[in-house]
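FYI, the numbering just counts along the sequence from 1. Just so it is clear, the model here is predicted, and its values are computed rather than measured. Counting starts at 1 for both ligands and their atoms, in listed order. Values below: every heavy atom of this structure, side chains too, minus hydrogens, waters and symmetry copies.
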Amino acid sequence: MGLLDKHLGYRAPLDLIRSVGADPSNVRFDAVLSPTEGMLDGRKVILLGTNNYLGLTFDPACIEASAAAVRKWGTGTTGSRFANGTFAGHLALEEALAKFYGRKHAMVFTTGYQANLGVMSGLVGRGDHLILDADSHASIYDGARLSQSEVIRFRHNDPEDLYKRLKRLGDRPGGRLIVVEGIYSMMGDVAPLKEIVAVKREMGAYLLVDEAHSMGVLGEKGRGLAEAAGVEDGVDFIVGTFSKSLGSVGGFVVSDEDDFDLLRIVSRPYMFTASLPPAVVASTLTALTRLEEDSDLRLRLDENARHLFEGLRALGFAMGPQASPIAAVVMPDQATAVGMWNALMANGVYLNLAVPPATPENRSLLRSSVSAAHSREQLDEVLRVFGRLGQEFGLLPKRARQASA
Ligand code: PMP
C-alpha cells in the first residue's frame with residue numbers, strides 16, 4: 001500500500017475533469033500582459049479570476065518601488081522575522097498598516113494563510129474555544145487545528161446560531177474567539193457584522209475578522225467590512241492579505257490588544273519561516289499608499305462589480321446572494337461547470353472553477369473576481385460570451401441569444 005493510496009478517492013474525479021479539457025489545478029499562463037489580460041495556450045484571455053481587485057500588479061509606482069528595493073536590499077532576507085529577517089521595510093509596513101487601520105499594533109506575515117495560522121494559534125490554545133463560521137476559508141480551519149482549541153462551527157452568516165452556540169458553552173472555562181470573514185471567497189457574500197459584534201459583546205467573546213477579500217473593496221477608506229458596517233471598535237483583530245487588493249503576497253494582523261508583542265514570540269508560523277523579500281515589502285507599502293490616496297480605484301471596482309453581477313443575473317444565471325467583486329455563477333452540476341469553464345477559456349475568458357469539496361453546500365461554481373482595471377468593453381465581452389455559452393449549454397433560454405448577441 002502506497003502512502004498516497006488514501007487519496008485515491010480523488011483520482012477518478014480528477015481524471016474525469018482532465019479528460020474534458022484543461023486541468024483547473026494546473027493552469028499555466030504563458031504571459032501576463034496586464035492586470036486584466038493574459039496568454040493561455042497561445043490565446044489572449046480576459047483575466048476574470050485573479051483577486052486583483054484594484055489592478056495594482058502592474059502599477060508603475062509599485063513596480064518602481066519593488067525594483068529599487070531589490071537593488072538596494074537584495075533578493076531575499078534569508079531568515080525569519082524572529083532572527084535576521086527584519087529589515088527597515090518590514091517595520092515601515094507594519095507602522096503603515098497600524099496607521100491605516102487606526103490601531104496600535106500590526107504584525108506582518110509571509111502569507112495571508114500563515115497570518116491566520118499564526119494569529120489563531122497565538123490567541124487560543126487547549127482549553128479555549130474557537131467559534132467559526134461554517135464556510136470559513138481553509139487557512140482558518142488550519143489555524144484552528146494548529147491552535148488545538150475546541151472548534152465550534154456556527155451556521156454560515158447566522159448570528160442567532162452563533163449566539164446559541166456561545167450560550168451553550170455557559171460558564172465553561174477558557175477564552176472565546178469568534179472568527180468570520182468580511183466577504184466570503186466562494187459566493188461573494190458579506191458577513192452580518194453588526195449583528196455578530198452585538199453577539200460578541202453580549203457574550204464576552206473576542207472577534208477576529210479576516211478581511212482578505214474586503215480590504216480595499218469595502219468601506220469609504222477601503223479598510224473593509226468592519227469600516228463599512230461602522231463597527232471597527234467591536235472588532236478585536238483584523239487579519240488581511242497582500243495577495244489580493246495590494247497585488248503582492250503576504251499577510252498581516254492589526255489590533256489594539258495589550259501585550260500584542262508577545263505574539264511575535266509565540267506564533268510559530270511567524271517565527272519559523274523566512275520573512276517577506278524586500279521587493280515585496282516595498283511594492284506592498286506603495287500599493288497601500290495607492291489604496292489610501294486613490295479612492296477612484298475602489299469606486300471603479302464597485303461599478304465594475306455591479307455591472308458584471310447585474311449583467312449575469314439579467315442574462316438568467318443563478319448567482320450568489322449579493323453583488324460584490326466576487327461574482328459566483330452557480331452551475332447545475334459539476335460536469336456542466338467543467339464544460340462551461342473550458343468553453344469560457346476557449347472563448348477568451350479565464351475565471352475560477354470551484355467544485356466540491358472546496359465549495360459551500362457542495363455547489364459547482366464559476367467564480368469571477370472583478371478588478372477596478374477591467375474596462376467596460378471587457379466586462380461586456382464577458383457577458384456576451386457567458387450569454388452565448390449559457391444557451392449552448394442549455395442553461396439559458398434561447399431567446400436570450402438576441403438580447404445578448
Ligand atoms: N483568508 C481568506 C478568506 C482567503 O480567501 C485567503 C486566500 N484565498 C487567505 C486567507 C490566504 O491568503 P493568501 O493567499 O494571501 O495566503
Item to check | Distance (rounded to the nearest 0.5 Å) between Asp236 CG and Arg103 CZ | outcome: 7.5 Å
Among all the protein's non-hydrogen atoms, which is closest to [atom], and how far away is it?
{"atom": "atom 1 (N) of ligand 1", "result": "Asp210 OD2, 2.6 Å"}
{"atom": "atom 8 (N) of ligand 1", "result": "Lys244 NZ, 3.0 Å"}
{"atom": "atom 14 (O) of ligand 1", "result": "Ser243 OG, 3.6 Å"}
{"atom": "atom 9 (C) of ligand 1", "result": "His137 CE1, 3.5 Å"}
{"atom": "atom 5 (O) of ligand 1", "result": "His213 NE2, 2.7 Å"}
{"atom": "atom 16 (O) of ligand 1", "result": "Tyr113 N, 2.8 Å"}

Next on the checklist: For a side-chain contact (heavy atoms from CB on, under 4.5 Å) check, start with the C-alpha distance between Phe317 and Val330, then their side-chain angles and the critical distance, and finish with the verdict.
Outcome noted: CA-CA 7 Å; Phe317 285 104; Val330 183; over 6 Å; no
Checklist entry - Looking at ligand 1, does any of its N/O atoms fall within less than 3.5 Å of an N/O of Glu181? => result no
Item to check | Gly112 N/O to ligand 1 N/O under 3.5 Å | outcome: yes
Item to check | Of Arg81, Lys99, His105, the residue whose pairing with Glu94 passes side chain to side chain donor-acceptor pair (under 3.5 Å) | outcome: Arg81
Next on the checklist: One residue to check: Asn116. Relative to ligand 1, which of side chain, backbone, both or neither has a non-hydrogen atom less than 4.0 Å away?
Outcome noted: side chain
Checklist entry - Would you say Arg43 has more than 12 foreign heavy atoms packed within less than 6.0 Å of its CZ? => result yes
Next on the checklist: Is there a side-chain contact (heavy atoms from CB on, under 4.5 Å) between Arg201 and Val199? Walk through the geometry before answering.
Outcome noted: CA-CA 5 Å; Arg201 287 210 163 107; Val199 172; over 6 Å; no
